[in-house]
Engineer: 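I'd like to ask some things about the structure below.
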Amino acid sequence: MNHRFQIDLRGIIELLSDHLYSGPEIFVRELLQNGVDAIRERVNADPAWPGTILFELHDKPGQPSRLLAADNGIGLTEAEVHEFLATIGHSSKRLGRGGRPKDYLGQFGIGILSCFVVSDEIIVISQSARPGHPPVEWKAKPDGTYTVRTLAIDVEPGTQVCLTAKPECASLFKYDELVHHARHFGRLLPYPVTIQRGKAKTQINQTPPPWLREFVHDQERRQAWLDFGKEIFEESYDDYIPLASDAGQVAGAAYIIRHPLQPGVTQTHRVYLKRMFLSDKVENVLPEWAIFVKAVVNVDDLRPTASRETLIEDQRLHKARETLGETLKQHLRRMAQERPEAVQKLLDRHDLAMKTLALHDDEFFQLCMDWFQFETNLGRMSFGQFLKHSPQVRYVSEVDGYRQIARIAAAQGIPLINAGHTMESDLLDKVSETREDLYVERIDPAQLARDLDDVDAQEEADLQFLIEAARKVLRPYQCLPEIKRFQPVEIPVLFHTSQVGRFLRDVQRSQDVANPLFSELLGDLRRGQPREREASRLYFNFANPLVQRLRGQQANPLLRRVIEMLYVQALLLGHYPLSQDEMQLLNQGMMELIELGLRIDPSSHAPSSLEEGPP
Amino acid sequence: MKRRKAPSRDELNDLLFESFLLDHSPQKVALLERAVRIADQLKDEESAYEIRQDLIDAAIFGGQPDRAIVAFSWCLAVYDRDPDAYEAYEILWKYKWIIDNAADFPTISRERIEDLLADQQRRYQAYGQNEHPHLQTRFKVYRAFGDQAKARQAMKQMDRLNSDELSDCKACSIGSKAAALIEWGDPDKALVLAAPILKGRLRCGEEPHRTIPQFLLPLVEKGQAEEAAQLHASNYRRLRRKPQFLLEHGLHMRYLAFIGQTQEALDLFEREWPAVAVATQPSSILQFYLAALFTLQRLKRAGVDEVKLRIPKDLPLGQPKKNIAVDVLIQWLEQETRRQAKAFDARNNNRHYQGKIAGLKRLHRQADDWQEKQAKGQS
């Protein structure tokens with residue numbers, strides 16, 4: 001008896017492989033799913049029923065490989081075969097959320113179609129476990145024709161699906177490949193799944209996941225959990241955290257990642273849905289701060305979206321995520337008490353992830369703020385150690401600003417933290433908000449420089465000429481001169497520039513080479529900057545002997561050069577690349593000094609005009 | 001005298017390694033700028049060029065396009081001097097980012113940007129490209145100018161051609177067109193166009209991050225609130241605390257305020273506000289503040305006079321977390337958005353951005369209607 005589908009089957013297969021199936025190997029998942037569903041139905045009726053799934057490969061040279069996928073589940077009656085075929089025809093009406101039919105027959109129909117991606121013929125032989133039904137055979141071709149007949153043979157209850165490899169899919173029917181895919185999808189399945197080819201035989205889910213096993217010894221338990229992580233993610237771990245949540249019925253394991261994480265990445269986790277592989281790319285099963293672990297979980301009561309790569313954001317998921325997050329935190333807290341050095345290692349390794357966690361979570365913040373390492377002008381140390389040196393917490397929130405000022409601050413006896421790296425200043429702000437016993441201040445490096453000691457009125461008057469001259473020299477470089485007195489005395493001048501000032505210096509270097517169009521464009525950008533004419537300052541150090549010697553030198557023709565050279569030297573010491581104009585200052589200054597040196601008679605040791613002491 | 005260690009190859013390598021671990025972000029930009037300074041000091045032009053190329057990527061996708069423009073200007077000059085030494089494709093590819101980002105600065109004139117477009121066109125032609133990639137840049141630039149007629153025209157011309165080597169990837173092309181269609185009042189067409197992105201079938205480094213936020217309100221207004229809620233939750237996770245997505249943060253905030261989740265909107269505002277200090281994107285900041293203004297106006301209409309808010313230190317209203325009058329915030333945001341909108345409109349010679357401020361009134365009406373309808377549906 002020949003029947004025809006009422007719909008274009010090829011169209012449906014195409015549609016499905018676009019939308020539901022990510023690759024041709026998905027037929028393995030669908031065969032497993034059908035087997036498991038059939039067994040579950042049978043177990044419902046007979047809880048002690050030992051369900052099994054067997055995939056048998058048959059290949060003879062010169063012939064296409066064949067796969068026989070057999071389960072000992074509930075089986076189908078002839079009427080049910082017709083019903084599921086009808087389901088295929090009406091599948092769109094019976095699709096549940098996530099694009100899949102909700103009931104067993106519907107699932108069977110949709111699942112079996114995926115086999116047409118790899119096989120040009122599907123033969124299903126099924127014997128219902130319900131008494132009084134003969135075995136039934138269904139043979140289908142992708143052009144939409146199929147036959148159904150009952151068989152007059154004795155078969156054990158269950159279903160067998162027989163596929164014949166299309167030439168382009170031959171590799172999927174290789175033993176190793178099939179074992180690989182079956183393991184990938186079915187590793188957590190509750191019924192034994194065996195792949196067989198001749199004498200070769202592999203059960204792909206021999207050991208259950210560790211959260212479902214009982215252990216006698218701690219060592220054995222630990223090894224089993226770690227081995228499982230290695231098997232799933234092909235990476236070694238030395239720490240694991242069991243995960244469990246009643247909401248969503250989640251169980252699984254999180255593994256602490258050993259390689260340093262890229263800040264800003266989101267972590268993806270492997271999720272199984274009712275013991276069947278769902279996706280490797282699920283992000284939202286754990287809180288977003290949990291990027292330092294890789295999790296593998298089975299969920300029984302959460303729903304995937306149609307793309308199968310995220311879970312639907314609903315109450316259950318929120319609750320589950322909260323529970324799992326709390327589990328992670330508890331683990332870290334326990335670790336901190338029992339193995340503080342392990343936590344330190346973890347903090348160092350996943351610095352950023354841990355800082356994020358501390359920032360978002362008050363308890364975790366209290367727990368580990370003191371352990372975070374900072375660069376300070378007293379050396380690198382943990383925040384807790386720094387507090388022992390200085391109850392006052394002063395920090396600079398950008399690296400370059402810190403670098404300009406750290407040494408000067410140290411010389412004035414001011415301990416300073418470099419909080420210019422990601423999230424460091426946020427953490428210190430949080431310290432200031434939560435710990436009233438501490439004095440926390442963000443230091444503006446420019447302010448710190450401005451706060452250096454002023455000279456007295458007489459000294460200022462003495463050097464007024466120097467400031468005047470320096471103002472003229474430095475004007476083209478948007479830099480203002482000032483006189484201060486500061487430690488260490490060996491530093492004649494301190495160059496300081498703000499973030500805007502540094503940016504403007506970068507703009508200048510580009511303008512030095514840019515073509516006219518881009519030079520104008522950069523000029524436009526420059527105009528858009530906040531007006532900071534005082535972006536840069538050059539502080540002359542009155543305590544420095546060289547600066548002392550400049551007193552009374554207003555008439556010295558070399559004064560201008562001296563200022564220029566001090567300016568350029570300060571830039572070089574601060575590691576600022578020079579603009580073209582500054583480079584020219586350096587070159588001209590050098591040449592003039594060399595010339596001056598050559599003019600001096602070496603035998604006379606006549607002091608140069610600048611070496612005369614103050615009057 | 002104790003000196004800081006001289007800049008060295010080692011320090012340069014350390015910086016590059018560190019930056020390699022970072023996502024595009026202001027932190028990465030800062031590291032690479034330091035690396036560039038060292039390379040410049042070492043007079044290592046080849047490294048200085050390559051590092052600047054990385055810097056351009058980090059700055060464009062890290063929310064600091066002005067820094068990309070500075071680095072690009074240098075690279076283009078060096079490239080022109082010695083075109084055989086560097087890869088043409090790389091610098092030409094980046095040229096389009098430079099131009100469409102330049103258009104987002106009100107201090108850069110239309111004439112200057114037209115000159116840049118002409119220069120780009122010439123260079124793309126010489127490289128053997130059809131007009132598609134150039135028209136794509138034009139389309140984006142005219143959108144930034146708020147010049148709908150010219151943007152439509154560029155889009156039409158562009159759609160007649162096949163994409164070429166220097167055109168945006170498929171996801172980005174669709175994303176930018178869909179955003180335009182929404183702005184031009186055709187969300188249905190946009191929805192059809194962007195379906196592959198929204199459904200997760202088409203992705204790239206920038207998508208679906210940038211496109212999803214555009215669709216949150218249109219979906220709500222089409223009665224697909226549940227879908228909008230899912231997209232909001234999954235997408236905001238991707239963008240959270242990333243300053244380069246300031247514009248998108250604004251769209252997520254506006255959505256939350258629109259559907260009546262004003263406290264969530266305010267939390268988002270507080271969380272993302274510090275990005276304003278580092279993201280150098282005037283037009284994104286303007287749109288972010290517009291969403292904040294809308295949020296606070298919603299709160300006020302709901303009878304809230306005071307909110308507890310932490311405001312970034314560097315801003316005039318900067319304060320630790322404590323109460324502040326809603327009126328004070330509204331006034332400051334109005335002033336700030338008006339100032340920026342005027343600057344843009346003066347450059348663009350139209351009222352595009354000021355129109356967006358005026359458009360808030362209509363948005364309030366729509367939100368009122370929608371929330372009323374929801375309330376009726378519930379009762």
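By convention in this document, chain letters (A, B, ...) are assigned in the order of the sequence lines, proteins followed by strands, and residues within each chain are numbered from 1.
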Engineer: What do you reckon, is CD of A:Gln447 surrounded by more than 12 foreign heavy atoms closer than 6.0 Å?
Structural biologist: yes
Engineer: Just how far is it from atom CD of A:Glu433 to atom NZ of B:Lys322, taken to the nearest 0.5 Å?
Structural biologist: 11.5 Å
Engineer: What distance separates B:Ser73 OG from A:Leu517 CG, expressed to the nearest 0.5 Å?
Structural biologist: 9.0 Å
Engineer: Rounded to the nearest 0.5 Å, what separates atom CD1 in A:Ile312 from atom OG in B:Ser234?
Structural biologist: 11.0 Å
Engineer: Of all heavy-atom pairs between A:Ser510 and B:Ala71, which one has the smallest distance, and what is that distance?
Structural biologist: OG-N, 4.4 Å
Engineer: Tell me, side chain or backbone of B:Ile113 under 4.5 Å from chain A's heavy atoms, or both, or neither?
Structural biologist: neither
Engineer: Is the number of heavy atoms from other residues, nucleotides or ligands within 6.0 Å of NZ (A:Lys430) greater than 12?
Structural biologist: yes
Engineer: Please classify the contact of A:Pro287 with chain B as side chain, backbone, both or neither, using a heavy-atom distance under 4.5 Å.
Structural biologist: backbone
Engineer: Hey, which of A:Leu578, A:Val507, A:Leu522 has the most heavy atom pairs under 4.5 Å with chain B?
Structural biologist: A:Leu522
Engineer: Is B:Lys43 close to chain A through its backbone or its side chain, or both, or neither, when contacts mean heavy atoms under 4.5 Å?
Structural biologist: side chain
Engineer: Of the listed residues (B:Val78, B:Thr107, B:Ile98, B:Asp115), which shares the most heavy-atom pairs with chain A below a 4.5 Å separation?
Structural biologist: B:Thr107
Engineer: Can you confirm whether B:Glu33 sits close enough to A:Arg502 that some side-chain heavy atom of one is under 4.5 Å from a side-chain heavy atom of the other?
Structural biologist: no
Engineer: With only heavy atoms counted, which part of A:Met583 is less than 4.5 Å from chain B, the side chain, the backbone, both or neither?
Structural biologist: side chain
Engineer: Side chain, backbone, both or neither: which part of A:Arg505 has a non-hydrogen atom closer than 4.5 Å to chain B?
Structural biologist: neither
Engineer: Is it true that atom NZ of B:Lys313 has more than 12 heavy atoms of other residues, nucleotides or ligands lying nearer than 6.0 Å?
Structural biologist: yes
Engineer: Indicate yes or no: does A:Asp426 engage B:Arg241 in a salt bridge with an N to O separation below 4.0 Å.
Structural biologist: no
Engineer: What's the shortest heavy-atom distance between A:Glu313 and B:Ala233, and which atoms?
Structural biologist: CG-CB, 3.7 Å
Engineer: Compare all side-chain heavy atoms of A:Asp400 with those of B:Arg37 and state whether any distance is below 4.5 angstrom.
Structural biologist: yes
Engineer: Which of residues 59-70 of chain B get closer than 4.5 angstrom to chain A, counting heavy atoms alone?
Structural biologist: B:Asp66, B:Arg67, B:Ile69, B:Val70
Engineer: If you round to the nearest 0.5 Å, how far is CD of B:Gln41 from CG of A:Leu571?
Structural biologist: 9.5 Å
Engineer: Would you say that A:Phe503 contacts B:Thr280 through its side chain, given a criterion of any heavy-atom pair below 4.5 Å between the two side chains?
Structural biologist: no
Engineer: Kindly give the heavy-atom pair with the smallest separation between B:Arg112 and A:Asp524, and that separation in Å.
Structural biologist: NE-OD2, 2.7 Å
Engineer: If you count heavy-atom pairs under 4.5 Å between each of B:Arg240, B:Arg238, B:Lys28, B:Lys321 and chain A, which one has the most?
Structural biologist: B:Arg240
Engineer: Among A:Glu283, A:Arg509, A:Glu398, which has the most heavy-atom pairs under 4.5 Å with chain B?
Structural biologist: A:Arg509
Engineer: For the interface with chain A, which of B:His24, B:Arg310, B:Arg52 has the highest count of heavy-atom pairs at distances below 4.5 Å?
Structural biologist: B:Arg310
Engineer: Hey, are the side chains of B:Arg81 and A:Val513 touching, using non-hydrogen atoms and a 4.5 Å cut-off?
Structural biologist: no
Engineer: Heavy atoms, side chains only, cut-off 4.5 Å: are A:His575 and B:Ile38 in contact?
Structural biologist: no
Engineer: Given the options A:Asp506, A:Asp314, A:Asn515, A:Asp429, which has more heavy-atom pairs under 4.5 Å with chain B than any of the others?
Structural biologist: A:Asp506
Engineer: So does A:Val399 get a backbone contact from the side chain of B:Arg34, meaning a donor-acceptor N/O pair under 3.5 Å?
Structural biologist: no
